[in-house]
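Have a look at the structure below before the remarks.
Just so we're on the same page: letters track the sequence lines, and every chain starts at 1. Given the structure is predicted, the values throughout are model-derived calculations rather than measurements.
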Amino acid sequence: MIRLFNTLSGQIEVLAPADASSFRMYACGPTVYDYGHIGNFRTFCHVDVLRRALLLEGLKLRHVMNITDVDDKIIRNAAQAGVPISEYTKKFERAFFEDLDALTVAHPEVIARATENISTMVRLIQRLAAQGYAYRTEDGSWYFRISRFPEYGKLSKKDLSGMADGARVDVDEYEKDSARDFALWKAPKPGEHFWQTELGPGRPGWHIECSAMAMEYLGDTLDLHAGGEDLMFPHHENEIAQSECATHHTFARHWFHVRFLLVEGRKMSKSEGNFFTLRDLLLKGYKASAIRMLLISVPYRQQLNFTFEGLAGETAAVDRLRTFHQRMMSAPRATETNRELLAETEVCLRGFRAGLENDLNTAEARAAIFDLVRAGNIAADAGAVSEENAAVILETLREFDSVFAVLEDRDSAITKFALDWAEQEGRLDQAAPEVIAQQGLSDERIQALVEERTQAKRSRNFARADQIRNDLAGKGILIEDSKDGVRWRRK
RNA sequence: GGCGCGGUACCCAAGUGGUAAGGGAGAGGUCUGCAAAACCUUUAUGCGCCGGUUCGAUUCCGGCCCGCGCCUCCA
């Protein structure tokens, strides 16, 4: 049973679906106006961890994520690029999913695009209007009347009663009744793309899309709603207001918010020069698996300080796990089962599960797995790993990886993908030279050099052997000799 | 100003009223032609500061200092 912090109640609660047949969750997705940055992906990775942990609990999932494919930035950027917004958003939506795949983030069961659900939003707004929660302004926009919803602020714990209506109204807003009232439907400005609907011409406000689509695909009450911490207010607060006023039911039973990350101790921002997209890091030669590991290793409610030193550390940590995984698959088997190791494995598995169940404490969960790595290595060094031991350890690693998803080495292919993309986009100058050099070497070429080195060693020509090894090392290829033969891998 | 989170070794970080997990980095060792990988040993009498409660506090309470986040569309 997973215990998880609920922003709404401010407490840690046991997470269970209202209806046992499926766990219904909604996670706010991206606005597809640019490439995603590592801050975005920290949130998506942690939602992915939640998703995977729920599956591990044996729950059936129905997970919906929206794609915001119309908003001010999109309209602006598409106009600048001189392309229709659909063409503009398609490009970044594709890039977004490519990035999710690189980070092994599983896709939700349902992807809901705002532009494909306009009529659902219109109906929701009409429902609100019919009950007096929405009003139309002179320019043809529709707003939500916050004063009609006394519980407004219950998620973000804001007391808005002290804020007098109309105390400070932006001059460019059309006569809203209150400064806090938010747009449900925006009348088009000249030249803007719009939908002709029963509400009049225009496009949806941002908040309404999540309410409308969440309820369309999941019903009036969700088991859980997720997003970055910044969305808590006003976005999620507004979603609650719209949804609960329309249906008079609880909108989401549990609210899950992922904290922002810092980069080198500072808030990530373009002006600070510490703003990184996933693709930036891949071109610098950092492995996708290490990035995922770093993003999820600090528990979701904790601020993560993303540093390059930390990233290098996680690269080593992932390597260590993979090396251990390989070793457990191939290590010579002892005839007798190591009871002590069996017991240690059990303790580690329990520790792993306990960590996850404890408010998704990924740091605690992964510590248990590293305990297993040590125990397994010690036993393997002593030749005391039986078939049964190996099987149980491998099963534990499988369970670990069903959540962490870092053991399979797809890094080289992902880096190659990023390089191909950079080439197409004319951004190859952003790639680190070593990365380009390494990718220029095919597996076959490396294999040939490794064999040449082995021959050189056999004839005790260590100078030549070391030269090959050093050359390859300079291109990020590591050679490891072992009793079972020579292994090589891309650093 | 309002609301919230945090300050644990060189870095990241878990954690508990009874004496500090884990990862990385560093140092020494085993192994190796040399490396790498792996393993062993080692690195906080100490958990921001000051008081208090307690047999005992890093863990509870109070005060202070510092950092961070949100407070109109940024995950």
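Ranking C40(B), G33(B), G6(B) by closeness to the Ile378(A) side chain, first place goes to C40(B). Of the candidates C74(B), G22(B), G15(B), G15(B) carries the atom nearest the Asn358(A) side chain, counting heavy atoms from C-beta on. Comparing atom distances between the Lys158(A) side chain and each of G2(B), A75(B), G6(B) picks out G2(B) as nearest. Side-chain atoms of Pro299(A) lie closest to A14(B) of the nucleotides A14(B), C71(B), G23(B). With A21(B), C74(B), C3(B) as the candidates, the nucleotide lying closest to the side chain of Ala363(A) is A21(B).
At whole-Å resolution of the value, CH2 in Trp206(A) and P in C73(B) are 9 Å apart. Rounded to a whole Å, the CD atom of Gln303(A) is 17 Å from the P atom of G4(B). Atom CG of Leu262(A) and atom C1' of C68(B) are 6 Å apart (whole Å). When rounded to the nearest whole Å, the span between CG of Leu472(A) and P of A37(B) equals 16 Å. Phe308(A) has its CZ atom 16 Å from the P atom of C12(B), to the nearest Å. Counting to the nearest Å, the C1' atom of G23(B) and the CD1 atom of Ile369(A) are 13 Å from each other. Atom CE of Met232(A) is separated from atom P of U72(B) by 13 Å (rounded to the nearest Å). Rounded to an integer number of Å, the gap from Phe324(A) CZ to A36(B) P is 22 Å.
Side chain Arg469(A) to base A35(B): a donor-acceptor pair is found below 3.5 Å. Applying the 3.5 Å distance criterion, the base of G15(B) shares no donor-acceptor pair with the side chain of Asn361(A).
Using cut-offs of 30° and 60° for the angle between ring planes, the Phe308(A) and Tyr286(A) rings count as tilted. Between Trp255(A) and Phe251(A), the angle of the ring planes lies from 30° to 60°, which puts this pair in the tilted group.
Partners of Asp69(A) according to the salt bridge (charged side-chain N to carboxylate O under 4.0 Å, His left out) rule, which considers only residues two or more places apart in sequence or in another chain, do not exist here. Partners of Arg398(A) under the salt bridge (charged side-chain N to carboxylate O under 4.0 Å, His left out) rule, at least two apart in sequence or in another chain, are Glu395(A). Under the side-chain hydrogen bond (donor to acceptor under 3.5 Å, both in side chains) criterion, Glu244(A) pairs with Lys154(A), sequence neighbours left out. By the side-chain contact (heavy atoms from CB on, under 4.5 Å) test, Asp381(A) is found to be paired with Arg327(A), residues two or more places apart in sequence or in another chain being considered.
Proximity of Lys267(A) to the phosphate of C70(B): a side-chain N or O atom is located under 4.0 Å from OP1 or OP2. A close approach under 4.0 Å does occur between a side-chain nitrogen or oxygen of Arg320(A) and OP1 or OP2 of G24(B). A close approach under 4.0 Å does not occur between any side-chain nitrogen or oxygen of Arg464(A) and OP1 or OP2 of C34(B). Proximity of Asn377(A) to the phosphate of A38(B): no side-chain N or O atom is located under 4.0 Å from OP1 or OP2.
Nearest-nucleotide mapping onto RNA chain B: of Arg301(A) and Leu304(A), the residue sitting toward the 5' end is Arg301(A). Mapped onto RNA chain B by nearest heavy atom, Ser156(A) and Arg487(A) fall at different nucleotides, with Ser156(A) at the one closer to the 5' end.
Among the atoms of the strands shown, base atoms are found under 4.0 Å from some heavy atom of Arg259(A). Residue contacts shown for His257(A) are absent, as no nucleic acid heavy atom lies under 4.0 Å away. Here Asp481(A) lies in heavy-atom contact (under 4.0 Å) with a base. Using a 4.0 Å heavy-atom criterion, one finds that Arg374(A) contacts the sugar-phosphate atoms exclusively. Base contact: Asp466(A) has a heavy atom under 4.0 Å from a base atom. Residue contacts shown for Leu478(A) are absent, as no nucleic acid heavy atom lies under 4.0 Å away. Looking at heavy-atom distances under 4.0 Å, Lys491(A) makes no contact with the nucleic acid at all. Across all strands shown, Asp381(A) has heavy atoms under 4.0 Å from sugar-phosphate atoms exclusively, and none from any base. Counting any heavy atom pair closer than 4.0 Å across all strands shown, Val258(A) reaches no nucleic acid atom. If you check every strand for non-hydrogen atoms under 4.0 Å, Ser482(A) touches nothing. No contact: Pro30(A) has no heavy atom under 4.0 Å from any strand. Base contact: Glu480(A) has a heavy atom under 4.0 Å from a base atom. Heavy atoms of Leu261(A) sit under 4.0 angstrom from at least one base atom.
Going from the C1' atom of C39(B) to that of U45(B) covers 29 Å, rounded to whole Å. For the C1' atoms, the distance linking G62(B) with U54(B) amounts to 16 Å, nearest Å.
Looking at Val298(A) and Thr362(A), their side chains never come closer than 4.5 Å, going by heavy atoms from C-beta outward.
Remark: G62(B) base-pairs with C50(B); criterion is Watson-Crick or G-U wobble with both hydrogen-bond distances under 3.5 Å. Nucleotide A36(B): unpaired (no Watson-Crick or G-U wobble partner with both distances less than 3.5 Å). Of the nucleotides present, U41(B) is the one that pairs with A27(B) by Watson-Crick or G-U wobble criteria, both distances under 3.5 Å. With a cut-off of 3.5 Å on both pairing distances, the Watson-Crick or G-U wobble partner of C70(B) is G2(B).
At distances below 3.5 Å, at least one donor-acceptor pair connects side-chain atoms of Asn338(A) with backbone N or O atoms of Leu341(A). Without hydrogens or angle criteria, Glu364(A) side chain to Leu356(A) main chain gives no donor-acceptor distance under 3.5 Å.
Geometrically, Lys158(A) engages Phe233(A) in a cation-pi contact defined by less than 6.0 Å to the ring centre and at most 45° from the axis. Relative to the ring axis of Phe5(A), Arg301(A) places its NZ or CZ within 45° and under 6.0 Å from the centre. Tyr133(A) does not carry Arg145(A) over the face of its six-membered ring by the limits of under 6.0 Å from the centre and within 45° of the normal.
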Might you list the N or O atoms of the protein lying below 3.5 Å from N or O atoms in nucleotides 9-11 of chain B, with each pair's distance?
none

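Residue side chain Phe370(A) fails the stacking definition with respect to G22(B), as its ring centre and the base's six-membered ring centre are not both under 5.5 angstrom apart and under 30 degrees in plane angle. The aromatic ring of Phe44(A) does not sit over the base of A75(B); the criterion of centres under 5.5 Å apart with planes under 30° is not met.
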- Item | Pair Asn305(A)-Glu264(A), side chain to side chain donor-acceptor pair (under 3.5 Å): steps then yes or no | CA-CA 6 Å; Asn305(A) 186 13; Glu264(A) 303 287 348; over 6 Å; no
- List the steps, then state whether salt bridge (charged side-chain N to carboxylate O under 4.0 Å, His left out) holds for Lys287(A) with Glu314(A). CA-CA 9 Å; Lys287(A) 291 182 177 182; Glu314(A) 293 310 319; over 6 Å; no
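Sorted by residue number, the members of residues 312-319 of chain A with any non-hydrogen atom under 4.0 Å from RNA chain B read Gly313(A), Ala316(A), Ala317(A).
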